[in-house]
Amino acid sequence: MGSLRSSTSTAVDSVDAEAACALLALEQYGYVDVRMWEDFEKGHVAGARNVPYYLSVTPHGKERNPDFVDQVAALHSKEDRFLVGCRSGVRSRLATADLVAAGFANVKNLEGGYLSLLKSASYQAASHQ
């Protein structure tokens, strides 16, 4: 039986919410939030930088941000370590794959996105200090 992955797919490193909290707490990693700015403004990780992966999402489709990689490159070098997160982890996986394909060496996807962080015991504890 064949793999569902295409031969051109890019390997994406992912971390769960607990591991993400540890990396962020030790200030080892930055955080790029790829949600649209409206969602980012409703709540986000402290110190997060917002670079939307999609410019719009409508019933007719999604308009991808054609400048996404360049906008991230304006904030981070290709050697910087940072996590990529969205709402639930789907968009951030796509964004992380694009960044890895563009040569970003130390980028990790946040599995489950911002929602998983909000449910994480480590994140809740850190936000109440």
Side-chain angles (χ1 to χ4, degrees):
M1 189 163 224
S3 170
L4 295 178
R5 280 191 179 175
S6 72
S7 60
T8 59
S9 67
T10 302
V12 171
D13 283 340
S14 293
V15 295
D16 65 16
E18 294 298 325
C21 286
L23 294 172
L24 293 169
L26 297 173
E27 297 180 5
Q28 292 179 344
Y29 277 73
Y31 189 97
V32 173
D33 191 315
V34 298
R35 295 176 296 162
M36 290 188 290
W37 69 269
E38 301 92 347
D39 297 321
F40 180 79
E41 290 300 318
K42 292 176 186 173
H44 55 268
V45 172
R49 309 296 272 292
N50 182 223
V51 182
Y53 188 70
Y54 293 122
L55 297 177
S56 67
V57 177
T58 69
H60 304 291
K62 299 172 183 172
E63 180 188 358
R64 198 172 156 275
N65 179 354
D67 300 317
F68 173 73
V69 171
D70 291 337
Q71 289 171 351
V72 172
L75 299 172
H76 290 283
S77 77
K78 291 190 176 182
E79 291 76 38
D80 284 354
R81 294 187 283 185
F82 59 95
L83 302 175
V84 179
C86 62
R87 181 178 177 272
S88 64
V90 175
R91 193 174 358 176
S92 60
R93 178 174 288 282
L94 296 171
T96 302
D98 285 359
L99 293 169
V100 169
F104 286 84
N106 301 305
V107 59
K108 296 183 185 300
N109 173 55
L110 171 58
E111 285 180 8
Y114 186 61
L115 292 178
S116 70
L117 274 183
L118 292 177
K119 295 175 187 172
S120 152
S122 296
Y123 189 76
Q124 289 177 9
S127 64
H128 288 92
Q129 289 181 355

Taking [X] for its side chain and [Y] for its backbone only, find out whether a donor-acceptor pair lies under 3.5 Å.
X	Y	value
N65	L55	no
N109	S14	no
S116	E111	yes

same_hphob_cluster([X], [Y]) at 4.5 Å side-chain heavy-atom cutoff:
X	Y	value
L94	L115	no
Y114	V57	no
L118	M36	no
V32	Y54	yes

Do R87 and D39 have side chains that get closer than 4.5 Å, going by heavy atoms?
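Result no, sub-4.5 Å side-chain heavy-atom pair not found.
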Look up atom [atom1] in [X] and atom [atom2] in [Y], then write down how far apart they are to the nearest 0.5 Å.
X	Y	atom1	atom2	answer
E18	L117	CD	CG	9.0 Å
K62	R91	NZ	CZ	7.5 Å
K108	D13	NZ	CG	4.5 Å

Test: ring-ring contact (aromatic ring centres under 6.0 Å, His included). Region: residues 14-40. Which pairs qualify, not counting sequence neighbours?
F40-H44
Taking only residues two or more places apart in sequence, or in another chain, which ones meet Y53 in a ring-ring contact (aromatic ring centres under 6.0 Å, His included)?
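So Y53 forms a ring-ring contact (aromatic ring centres under 6.0 Å, His included) with F68.
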Tell me, yes or no, whether the heavy-atom count around E27 atom CD, taken from other residues, nucleotides or ligands under 6.0 Å, exceeds 12.
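Not buried by this count: 12 neighbours or fewer within 6.0 Å.
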Answer yes or no: does atom CZ of R49 have more than 12 heavy-atom neighbours from other residues, nucleotides or ligands under 6.0 Å?
no
Might you point out which heavy atoms bring V100 and A11 nearest each other, and give the distance in Å?
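Closest approach of V100 to A11, heavy atoms only: CG1-O, 3.9 Å.
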Testing V107, T96, D98 one by one against V12 for a side-chain contact (heavy atoms from CB on, under 4.5 Å), which residue passes?
T96
Validation: residues 78-85 side-chain donor-acceptor distances under 3.5 Å, sequence neighbours left out:
unit_1 : atom_1 : unit_2 : atom_2 : d
K78    : NZ     : A102   : O      : 2.6
D80    : OD1    : S77    : OG     : 3.0
D80    : OD2    : H76    : ND1    : 3.3
D80    : OD2    : S77    : N      : 3.0

